[in-house]
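What follows is a single structure, written as structure tokens, with notes after it.
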Amino acid sequence: MKFNVKIPKHLKRVYHKELKYYRYYLRVKQYSKAWYHLERSHIIGQSYPVQHMNSHWLMLKFGLMQKDTKEVFGQILRLLVGGLKSFINHVPLGNTGGANVPPLKPMPIPDDIKNLMQMR
């Protein structure tokens, strides 16, 4: 069994870039674009406990800000188990992390992110 503890530097750099875009679009009240970049951060970081949990924490805060009860409850559930799943490398790759998708459903990974994940 492979344990994931630390995100590779090249993924960490892109993960933080997506969060930078998320914060920018949040600040200018372009919420759909903000959410898009938050989902991308989740895809990039979901195999690494710290980044995975951070993405879900931000999704929870976003849900609270939007007064989206479904998102809030969905993120609470994901926060309870997401870090453990990523630590033992048992995540549904490509899943965007929102409450609008089943938590265990693999999803297509955007090509640019897939290329990054294949780099070593």
Side-chain angles (χ1 to χ4, degrees):
M1 178 182 299
K2 179 184 174 198
F3 294 106
N4 287 336
V5 180
K6 188 175 179 184
I7 188 170
K9 287 181 183 180
H10 72 284
L11 290 179
K12 186 175 186 178
R13 188 171 37 255
V14 179
Y15 172 82
H16 284 293
K17 183 178 179 183
E18 292 297 336
L19 291 180
K20 182 178 178 181
Y21 287 133
Y22 163 70
R23 287 188 293 272
Y24 169 76
Y25 286 116
L26 193 63
R27 189 170 56 253
V28 298
K29 297 180 178 15
Q30 293 186 20
Y31 300 119
S32 63
K33 287 182 180 181
W35 183 255
Y36 169 79
H37 288 286
L38 192 50
E39 288 179 321
R40 287 177 54 87
S41 78
H42 179 269
I43 294 168
I44 294 164
Q46 75 183 126
S47 292
Y48 307 95
V50 171
Q51 289 75 22
H52 192 190
M53 299 311 293
N54 185 55
S55 292
H56 284 298
W57 173 249
L58 293 173
M59 288 178 169
L60 172 63
K61 288 173 52 177
F62 187 90
L64 288 166
M65 184 186 67
Q66 297 292 307
K67 296 178 176 63
D68 184 339
T69 305
K70 180 181 176 187
E71 193 63 49
V72 169
F73 284 114
Q75 292 308 321
I76 290 170
L77 292 174
R78 285 160 175 80
L79 281 165
L80 293 173
V81 296
L84 176 61
K85 291 276 199 178
S86 54
F87 178 69
I88 61 173
N89 200 34
H90 189 61
V91 294
L93 292 179
N95 188 292
T96 55
N100 62 326
V101 297
L104 300 177
K105 180 182 180 182
M107 299 172 73
I109 301 172
D111 288 338
D112 63 322
I113 294 174
K114 188 184 304 183
N115 291 338
L116 285 169
M117 290 177 156
Q118 292 171 348
M119 292 173 58
R120 291 282 168 209

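This structure is a prediction, so every number in the text was calculated from the model and none was measured. Along the sequence shown, the residues carry numbers beginning at 1.
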Ignoring hydrogens and geometry, is there a side-chain-to-backbone donor-acceptor pair from Glu71 to Ala99 under 3.5 Å?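 Checking the backbone N and O of Ala99 against the side chain of Glu71, a donor-acceptor pair under 3.5 Å is found.
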
Checking His42 side chain against Asn95 main chain: does a donor-acceptor pair fall under 3.5 Å?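 The answer is yes, because a donor-acceptor pair under 3.5 Å joins these two groups.
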
Answer with yes or no whether the hydrophobic clustering places [X] together with [Y]; edges join I, L, V, M, F, W, Y residues whose side-chain heavy atoms lie under 4.5 Å apart.
X	Y	value
Ile113	Tyr15	yes
Leu26	Tyr21	no
Val28	Tyr36	no
Val91	Leu104	no

If you round to the nearest 0.5 Å, how far is [atom2] of [Y] from [atom1] of [X]?
X	Y	atom1	atom2	result
Met59	Leu64	CE	CG	13.5 Å
Ile44	Lys17	CD1	NZ	9.5 Å
Glu39	Glu18	CD	CD	11.0 Å
Ser55	Leu60	OG	CG	12.5 Å

With a 4.5 Å heavy-atom cut-off, do Leu58 and Leu19 have their side chains touching?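 Answer yes - side chains close enough.
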
Measure the shortest side-chain to side-chain distance between Leu93 and Ile43 over non-hydrogen atoms and say whether it is less than 4.5 angstrom.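 Sidechains of Ile43 and Leu93: no contact.
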
Shortest non-hydrogen contact from [X] toward [Y]:
X	Y	result
Pro103	Pro92	O-CG, 3.2 Å
Arg78	Pro102	NH2-C, 4.1 Å
Leu116	His10	O-NE2, 2.9 Å
Tyr25	Ala34	CB-N, 3.5 Å

List, by chain and number, the other hydrophobic cluster members for Met107, where Ile, Leu, Val, Met, Phe, Trp and Tyr join if side-chain heavy atoms come within less than 4.5 Å, directly or indirectly.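 Cluster partners of Met107: Val101.
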
Would you say the side chains of His56 and Gln75 form a donor-acceptor pair under 3.5 Å?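 Side chains of His56 and Gln75: pair found under 3.5 Å.
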
Partner set under ring pair (Phe, Tyr, Trp, His ring centres under 6.0 Å) for Tyr22, not counting sequence neighbours: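 Once residues adjacent in sequence are excluded, Tyr22 has no partner under the ring pair (Phe, Tyr, Trp, His ring centres under 6.0 Å) criterion.
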
OH (Tyr31) with more than 12 external heavy atoms under 6.0 Å: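 Enclosed.
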
